[in-house]
Amino acid sequence: MNDPKTVPLSGLAKKLVQANLLEAQSAAQALEASAKKKIPFVAYLVEKCILDPQIIAMTASMEFGDPLFDLYAMDLETIPKEIVSEKLIRKHHALPLFKRGNRLYVAVSDPTNLEGLDEFKFHTGLSTEAILVEENKLVDTIERILSEKESSALSNLQDTDLDDLDISNAEDKERTDDDSDSDVDDAPIVRFVNKVLLDAINKGASDIHFEPYEKFYRVRLRQDGLLSEFASPPVNLAPRLAARLKVMSRLDISERRVPQDGRFKMKLSRNRAIDFRVSSCPTLYGEKIVMRILDPTSAKMGIDALGYEDYQKELFLNAIHRPQGMVIVTGPTGSGKTVSLYTALNILNVSEVNISTAEDPVEINLPGINQVNVNPKAGLTFSSALRAFLRQDPDIIMVGEIRDLETAEIAVKASQTGHMVLSTLHTNSAPETLTRLINMGVAAFNLATSVTLIIAQRLGRRLCTHCKKVISLPPEALMEAGFTENEIQEGFILYEPVGCDQCTKGYKGRVGMYEVMPVTEEIGKIIMAGGNAFDIEEQMHKEGIISLRRAALNKVKIGVTSLEEVYRVTKE
C-alpha cells in the first residue's frame with residue numbers, strides 16, 4: 001500500500017492544498033480512503049466533515065473557472081430525468097440539469113470529474129459542460145430526483161422490463177458479499193419495497209398488505225384501523241415481491257405451499273429502529289404477505305396519551321401498583337391491548353422488581369424485562385412459560401393472551417400467591433370477561449378473589465383538527481345515540497370529518513375509548529352467586545362505571561371524534 005505522504009496529488013486535491021485549505025498529508029489520506037470506499041474525493045471530504053462543501057465549491061470555481069450554481073434554486077420539474085440512466089448518475093455522482101441545443105449542462109461537485117462528463121457525452125451524443133454545485137446539495141437533489149423516478153417507474157414496468165430486474169435472494173450462494181450488495185442496491189424491486197416500508201412508517205400505518213390476484217396486484221396500508229389502497233405494481237412482479245419480502249424476514253423462499261412467520265428490523269437512525277412482524281400465506285394466485293409494524297416508541301408515549309378519563313387513569317394506576325392481583329385488558333384484535341399493557345410495564349419497569357412476559361410473539365422489545373416468545377411446536381406454551389416464571393422469583397408477570405383453562409388457572413393462582421399478573425382476553429366488554437373465564441372452567445370464588453381490574457377498550461379515529469366541520473343533529477338522533485336530555489339541553493358542538501392534505505378522509509391518529517371496571521366486593525358477590533354478564537353490568541352502572549359507548553360519546557362531546565366513528569367501533 002502506498003504511503004499517504006508519497007501519493008502524488010493532482011486535480012482538486014492539489015488545488016485545495018495550494019489554497020492552504022488542506023494539508024498535503026491529509027489530502028493524500030483522503031484520496032486513498034475515498035478510493036478504497038469507492039466514493040468521490042469531494043464526497044469523502046464532506047462526509048467526514050474535513051471541509052465545508054461551500055468552501056470546496058468556491059475554491060474549485062475560482063481555480064478552474066467553472067460557474068458556481070445554487071442547486072436549490074433549480075426547479076426539479078425541469079430536470080431531464082430520463083436523459084441518462086440512474087446507474088450512470090450514481091456511478092459518476094453527477095446530475096444532468098438542462099439541455100440547450102446539442103449541449104448538456106451537468107451538475108458536478110468536482111470539476112476535474114472528466115471521466116463522468118465524457119461518459120455522459122458518449123451515452124447522450126451531446127456535448128457536455130460542467131456546472132459546479134455544492135456537494136451536500138448535489139447529494140440531496142440526486143436522491144430526491146431518483147426516488148421520484150423510482151416510484152413512478154416501477155408502477156409502469158411491463159413484461160419486457162422484468163428481464164432487467166436483478167433480484168438478490170438467499171439462493172444466490174455463489175455471489176461474493178460485495179457483488180450481492182451491489183445488486184441489491186441496484187434492484188428496483190428492493191427500492192420499491194423499501195419505499196413502501198418507509199412511506200408506511202411515515203403515514204403511521206399499523207399493517208402493510210401485499211396481495212396478489214389473477215389480474216392485478218395491490219399494496220394496502222392499514223391507517224387508523226382501516227385499510228386503503230397504496231400502490232398497484234404489475235401483477236407479474238408478485239413472485240419477486242414475495243421473494244424479496246421473505247428474504248428480508250429470513251423465511252424459506254423455496255416453500256410456497258404453507259404459511260410462514262418471520263420478522264426483521266429496519267434501523268431509521270442511531271436511536272430509532274422499527275420492527276416488522278411478517279406473515280406469509282399461500283393464496284389462489286400467489287403468496288399474500290402481511291407485515292405488522294411494531295414501533296417500540298408506542299410503549300413509551302405515557303399513560304396520558306392513551307385517552308383515559310381522569311378517574312379511569314387513577315383506577316388503572318392503583319391496580320397495577322398493587323403487590324398482587326390480576327389486571328385483564330380485553331377487546332378485539334387491533335384495539336390497542338398490547339400498547340396498554342406495555343404502557344403499564346414501562347411504568348412498573350424499575351430495577352427493584354423482576355418482570356417476565358410470555359407472548360406470541362413478542363411485539364415490543366423493552367430493556368429490563370424478561371420476554372419469552374411462546375413456541376407451541378417446541379412445547380413452550382403460555383402455561384409452561386408461566387410455570388417456569390413462577391420458579392424464577394417473579395414480581396410481575398404478563399401473559400400475552402389467556403387462551404385455555406390451564407393458562408387461566410395458573411395466572412389466577414399466581415395472582416393469589418403474591419404476584420401482579422397482566423393479561424389480555426378477546427371479549428366485547430368488561431362484564432363479559434368474567435363470565436367468559438367462568439365458562440372456560442375457572443372457579444367463580446377464584447375469580448372473585450384474584451381479578452382486580454378489567455379494561456375493555458376500542459380505538460377510534462381522531463378527527464383532523466385542520467378540517468373537521470361543525471354539524472347539527474336533531475335531539476331525537478342524539479338521544480338515540482345515547483346522549484341524555486340534560487346533555488342535549490346544555491348543548492355541545494358536534495363535528496364531522498371532511499378531509500384535507502393533512503389527514504386521511506378527515507381523520508388523523510386514534511384515541512382510546514375505555515370501560516374500566518374494578519372488581520368490587522358487590523361484583524364479587526354476583527360472581528360467587530352465579531350471576532351473568534347482565535347482572536354484573538347492572539351493578540357496574542350502579543357503581544358509576546361508564547360503559548364503552550358512554551366513554552366514546554364523551555369523546556364526541558369534546559370534539560375528539562365523530563358520532564359515525566362511535567357507531568363503527570362500539571355496540572349497544
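What you see below is based on every heavy atom in this structure, not just the backbone, and it leaves out hydrogens, waters and symmetry mates. The shown structure was predicted, so the numbers you read here are calculated from the model rather than taken from an experiment.
Other residues, nucleotides and ligands contribute more than 12 heavy atoms inside 6.0 Å of the CD atom of Gln18. Applying the 6.0 Å contact sphere to OH of Tyr213 captures more than 12 heavy atoms from other residues, nucleotides or ligands. Heavy atoms from other residues, nucleotides or ligands lying under 6.0 Å from CD of Glu115 number 12 at most. For Gln54, the CD atom is loosely surrounded, since the number of other residues' heavy atoms within 6.0 Å does not exceed 12. More than 12 heavy atoms of other shown residues, nucleotides or ligands fall within 6.0 angstrom of atom CE in Met266. More than 12 heavy atoms of other shown residues, nucleotides or ligands fall within 6.0 angstrom of atom CZ in Arg292.
Checked options Arg103, Arg100, Lys121; the residue passing with Glu129 is Arg103 (criterion: side-chain hydrogen bond (donor to acceptor under 3.5 Å, both in side chains)).
Phe192 places a side-chain heavy atom less than 4.5 Å from the side chain of Leu241. Between Leu22 and Leu45 the shortest side-chain heavy-atom distance falls below 4.5 Å. Side-chain contact between Ile56 and Ser109 is absent, with no heavy atoms from C-beta onward closer than 4.5 Å. Between Phe216 and Ser232, the closest side-chain pair of non-hydrogen atoms is not below 4.5 Å. Side-chain contact between Arg222 and Ser206 is present, with heavy atoms from C-beta onward closer than 4.5 Å. Within the 4.5 Å cutoff, no side-chain heavy atoms of Asn349 are placed close to those of Pro367. Between Asn236 and Tyr217, the closest side-chain pair of non-hydrogen atoms is not below 4.5 Å. Two residues are said to be in side-chain contact when any heavy atoms from C-beta on lie closer than 4.5 Å; Leu294 and Arg263 meet this criterion.
Between Arg244 atom CZ and Asn194 atom CG the span is 6.0 Å, to the nearest 0.5 Å. The structure places CD1 of Ile131 at 9.5 Å from CG of Leu71, a figure rounded to the nearest 0.5 Å. For the atom pair Thr141 OG1 and Leu97 CG, the distance stands at 8.5 Å (nearest 0.5 Å). The line from OG1 of Thr504 to CG of Leu226 is 10.0 Å long, rounded to the nearest 0.5 Å. The CD1 atom of Ile142 sits 5.5 Å away from the CG atom of Leu95 when rounded to the nearest 0.5 Å. In this structure, the separation between CG on Leu345 and OG1 on Thr338 is 10.5 Å, given to the nearest 0.5 Å.
Using a 4.0 Å cut-off between charged nitrogen and carboxylate oxygen, Glu287 and Lys246 count as a salt-bridge pair. A salt bridge is defined here as a Lys NZ or Arg NE, NH1 or NH2 lying under 4.0 Å from an Asp or Glu carboxylate O, and Lys195 with Asp199 meets this definition. One finds no salt bridge joining Arg462 and Asp224 here, because no Lys/Arg side-chain nitrogen approaches an Asp/Glu carboxylate oxygen to under 4.0 Å.
Not counting sequence neighbours, Glu564 has no partner by the salt bridge (Lys or Arg N to Asp or Glu O under 4.0 Å) test. Judged as a side chain to side chain contact (heavy atoms under 4.5 Å, CB included), and not counting sequence neighbours, the contacts of Ala205 are Ala200, Leu221, Gln223, Ile293. Scanning for ring pair (Phe, Tyr, Trp, His ring centres under 6.0 Å) contacts around Phe276 gives Phe264, with sequence neighbours left out. Residues satisfying the side chain to side chain donor-acceptor pair (under 3.5 Å) criterion with Gln457, sequence neighbours excluded, are Ser340. Qualifying ring pair (Phe, Tyr, Trp, His ring centres under 6.0 Å) partners for Tyr105, counting only residues two or more places apart in sequence or in other chains: Phe98. Here Asp261 pairs with Ser279 under the side chain to side chain contact (heavy atoms under 4.5 Å, CB included) rule; sequence neighbours left out.
A distance-only check finds a donor-acceptor pair linking the side chain of Gln371 to the backbone of Leu366 [under 3.5 Å]. Using a distance-only test at 3.5 Å, with no hydrogens or angles considered, a donor-acceptor pair links the side chain of Lys468 to the main chain of Gly559. Although no hydrogens or angles enter the test, the distance criterion places no donor-acceptor pair under 3.5 Å between the side chain of Asp110 and the main chain of Glu135. Within the 3.5 Å criterion, the main-chain N or O of Arg461 finds a donor-acceptor partner in the side chain of Glu565. Listed for the Thr343 side chain is a donor-acceptor partner under 3.5 Å among the backbone atoms of Val339. Distance alone, capped at 3.5 Å, is enough to place a donor-acceptor pair between the Asn370 side chain and the Ile355 backbone. Using modelled atom types, one side-chain atom of Gln260 and one backbone atom of Asp252 make a donor-acceptor pair closer than 3.5 Å. Using modelled atom types, no side-chain atom of Thr357 and backbone atom of Met398 make a donor-acceptor pair closer than 3.5 Å.
Closest of all the heavy-atom pairs between Ile253 and Ala243 is CG2-O, 3.8 Å. Here the closest non-hydrogen pair linking Gly307 and Lys555 is O-NZ, 3.0 Å. Contact record, Cys467 with Cys503: SG-SG, 3.7 Å, taken as the closest heavy-atom pair. Minimum interatomic distance between Leu132 and Ala57 (heavy atoms only, all atoms of both residues): CD2-O, 3.2 Å. Nearest approach of Gly460 to Val569, heavy atoms of both residues: CA-CG1, 4.3 Å. Closest non-hydrogen pair, Ala130 versus Leu117, comes out as CB-CD1, 4.0 Å.
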Original post:
Should Val470 and Tyr495 be marked as a side-chain contact (heavy atoms from CB on, under 4.5 Å) after you check the CA-CA gap, both sets of side-chain angles, and the distance that decides it?
Top reply: CA-CA 4 Å; Val470 176; Tyr495 295 92; 3.5 Å; yes
Subject >> Criterion side-chain contact (heavy atoms from CB on, under 4.5 Å) on Leu463 and Tyr507, from CA distance to verdict >> reply: CA-CA 4 Å; Leu463 283 165; Tyr507 296 96; 3.8 Å; yes
Subject >> Residues His209, Arg218; criterion side-chain contact (heavy atoms from CB on, under 4.5 Å); working and verdict >> reply: CA-CA 8 Å; His209 293 234; Arg218 69 179 177 185; over 6 Å; no
**OP:** Just do the side-chain contact (heavy atoms from CB on, under 4.5 Å) check on Met291 and Leu197 with the steps written out, would you?
**Re:** CA-CA 9 Å; Met291 294 183 166; Leu197 301 187; 3.6 Å; yes
